[in-house]
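Below is one structure, written out as structure tokens, with a few remarks after it.
Computed from a predicted model, the values in this text were never measured in an experiment.
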Amino acid sequence: MNFGKNAFDRVSLPLACMTALLLSWQGMHVGLPQAEVVGLSFSDSQQFNAAKKAFLSTREEVYAHYGVIAAHNPDILAHSFKTDFKKVMILDMPEGPQEVPVEIIHKMRGRFLRSALPDEELLIYSLQKIRPAKLQFNPHLFQYGSIYIYFAGFLLWLCAKIGLVILTQDISVYLNNPDYSAMIYAVPKYANSVIFALSVWPFHRVCRRLFRPAVASVLALSYAVSPIFILETHGLKPYIFCLPALLMSLDSAFVIASGDRRAYSAAGAWAGLATGSLWLCGYILIAIFAAHCIAPRRRTRDLAVLSAVFAAVFFLINPYWLIAPREAFAELFLLQPVVAHAYSLKKWVGYLLYRGAAGLGWPLWLCFLAGLLTSLASPDKRKYILLCPVLFYLTYTSGKHFGNVHYATALFPLCLVVAGFAIEALWNVRSPWTRLRLALVPVVICMTLLQSLYFVSLFRAPDPAYTAGAWINRHVPAPHLARLSRTDS
């Protein structure tokens, strides 16, 4: 029966793509505003309308603060606002005037308009600055690639045209309908899920260049169920958006290593797109240079072609790095104190031995460590295309982002490919225990899947804030505004 012999290899790629899509698609509204917030906060429309006036006026105060900063410091991104904790407002409620801290009003408004997940308002703030009708495309946000911001904006515009999203500058519309706010955040996240599923194909393509089909299939399934990627699809950041271009850059590096000089242009283009989406992806240039060093036919001018194409693509999709370089570099310098460098051998070893496991889960991380050791003994020079960038990025991220594994999202696909060296070696060993050892492979995938399913269950679970709010409304006879402030806390 011909199908039975290679059935797993033939169905594994579409299976991995569908698995990635189904897992990452779940719970996209986690942390987003919900329609229930109105009923949980206010007992009638009169109360809500009185509070809404405060929401709008304090929001104008925030944006006026942004304007003052921008006027005096045009090179600094103004997306932070600190309120006076002692300041209060008198709200004219139906039951009488009520004194409410402004801090509480800001928190309450956030439940109607913003995501509860960190930094997700940055993208929305950036999109508000873009004015296509006035040919103003400066995103005023450079820590994310402009191509990602433009993509999210185009996607929201397209969804607004077909009625999936409501886009208006009348903020009261979103206060009246918090679920409208939620959709603005959710649409790019659903796009993340699709992009992640599509990225399985270039990942599998890279693995097929190094390993037998069965090992490539195992790695593709492992990639599809890895916790770090499932988590990052639920964020409004470009950590997933950059993966297809990053993996195609890596694939082009292996083509260069085979002696095909035509791949330099493709490598430069893909690397420019990846780095232009998320500047952390720039480390992939190390892989391309390593491929150049081991290529049987190479010329210095090939690197010139690579550099020229890379720069052309990067600046094409990030034009304001050329048009407003002072603003771009000012933002990057502004962010430096947030994540200061602290390199040490202890941190490097700690990241290698246990911290990185937070991204892939212990089963896959142990496979990576085994693959790292196995690859050192491999005679295949192509291993340097993986080892050089992986060891560089491990050194960088262990010193700069030790406590924030999500900054290594762009590293983990390469770690999984390195794990393939251990799985391939396991496949090559012939002994009475071979089948027993190979049985560990599905165990690793299943354990990783269970960890991802745990996170999915958290995404799908009811928001604790709303659950607590409903309980408070039933059991605590307190003023409605105070209820929501406790709920929000």
Side-chain angles (χ1 to χ4, degrees), residues 15-40 110-124 148 151-152 155-156 159 164-166 174 177-200 221-244 358-361 364 404-409 412 445-471 487-488:
L15 176 63
C17 292
M18 288 302 300
T19 301
L21 183 64
L22 291 175
L23 277 177
S24 59
W25 194 268
Q26 306 296 316
M28 283 299 184
H29 285 257
V30 61
L32 300 184
Q34 299 179 19
E36 300 94 292
V37 68
V38 178
L40 289 174
R111 279 290 175 183
F112 288 78
L113 300 178
R114 293 174 54 171
S115 168
L117 301 184
D119 301 330
E120 295 202 340
E121 72 282 356
L122 287 182
L123 177 64
I124 308 303
Y148 172 69
F151 168 78
L155 191 62
L156 287 171
C159 289
L164 290 178
V165 172
I166 304 298
Y174 300 110
N177 303 277
D179 47 324
Y180 289 179
S181 302
M183 282 303 295
I184 293 176
Y185 287 89
V187 164
K189 295 184 180 186
Y190 283 114
N192 277 348
S193 182
V194 175
I195 291 169
F196 173 51
L198 294 175
S199 73
V200 174
L221 284 171
S222 301
Y223 174 81
V225 301
S226 295
I228 185 66
F229 306 123
I230 304 302
L231 286 169
E232 289 302 327
T233 54
H234 292 74
L236 212 57
K237 299 175 183 179
Y239 293 103
I240 294 297
F241 181 80
C242 67
L243 291 182
L360 295 177
L364 284 180
N404 298 284
V405 178
H406 84 102
Y407 286 113
T409 302
F412 289 123
I445 294 177
C446 288
M447 290 178 68
T448 306
L449 174 61
L450 287 174
Q451 185 172 350
S452 292
L453 287 173
Y454 166 73
F455 289 119
V456 169
S457 70
L458 295 181
F459 296 146
R460 292 175 57 111
D463 190 321
Y466 292 94
T467 304
W471 186 91
T487 302
D488 196 76

F412 and Y239 aromatic centres sub-6.0 Å:
no
Aromatic ring proximity, centroids under 6.0 angstrom, Y174 and F112
no
In the structure I gave you, are the side-chain heavy atoms of [X] and [Y] within less than 4.5 Å of one another anywhere?
| X | Y | result |
| --- | --- | --- |
| D179 | P33 | no |
| V456 | I230 | yes |
| P244 | I195 | yes |
| W25 | H234 | no |
| V165 | Y180 | no |
| Y190 | V194 | no |

Could you walk me through whether L364 and S226 pass the side-chain contact (heavy atoms from CB on, under 4.5 Å) check?
CA-CA 8 Å; L364 284 180; S226 295; 3.6 Å; yes
Distance (rounded to the nearest 0.5 Å) between [X] [atom1] and [Y] [atom2]:
| X | Y | atom1 | atom2 | result |
| --- | --- | --- | --- | --- |
| R114 | I184 | CZ | CD1 | 13.5 Å |
| L22 | C17 | CG | SG | 11.0 Å |
| S115 | L32 | OG | CG | 5.0 Å |
| H29 | D463 | NE2 | CG | 13.0 Å |
| L243 | T233 | CG | OG1 | 10.5 Å |
| L164 | L155 | CG | CG | 9.5 Å |

[X] and [Y]: which non-hydrogen atoms are nearest, and at how many Å?
| X | Y | result |
| --- | --- | --- |
| I445 | L221 | CD1-CB, 4.2 Å |
| V405 | I228 | O-CD1, 4.5 Å |
| V30 | L117 | O-CD1, 3.9 Å |
| L23 | A224 | CD1-O, 4.0 Å |

Taking atom types as modelled and ignoring hydrogens, do the side chains of S193 and S24 form a donor-acceptor contact shorter than 3.5 angstrom?
yes
Donor-acceptor contact present, side-chain Y148 to main-chain F241, <3.5 Å:
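No: the side chain of Y148 does not pair with the backbone of F241.
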Please determine whether salt bridge (charged side-chain N to carboxylate O under 4.0 Å, His left out) holds for the pair E120 and K189, giving the CA-CA distance in whole Å, both sets of side-chain angles, and the decisive distance to 0.1 Å.
CA-CA 11 Å; E120 295 202 340; K189 295 184 180 186; 2.9 Å; yes
Audit row: I166, N177, side-chain contact (heavy atoms from CB on, under 4.5 Å) steps and yes/no:
CA-CA 10 Å; I166 304 298; N177 303 277; over 6 Å; no
Before you tell me yes or no, could you show the steps for L231 and H406 under side-chain contact (heavy atoms from CB on, under 4.5 Å), namely the whole-Å CA-CA distance, both residues' side-chain angles and the distance that decides it to 0.1 Å?
CA-CA 9 Å; L231 286 169; H406 84 102; over 6 Å; no
Using side-chain contact (heavy atoms from CB on, under 4.5 Å), reason through Q26 and F459 one step at a time and then give a plain yes or no.
CA-CA 7 Å; Q26 306 296 316; F459 296 146; 5.8 Å; no
Hey, can you tell me if Y223 and F196 have their rings parallel, tilted or perpendicular (30° and 60° cut-offs)?
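Answer is tilted, since the angle falls between 30° and 60°.
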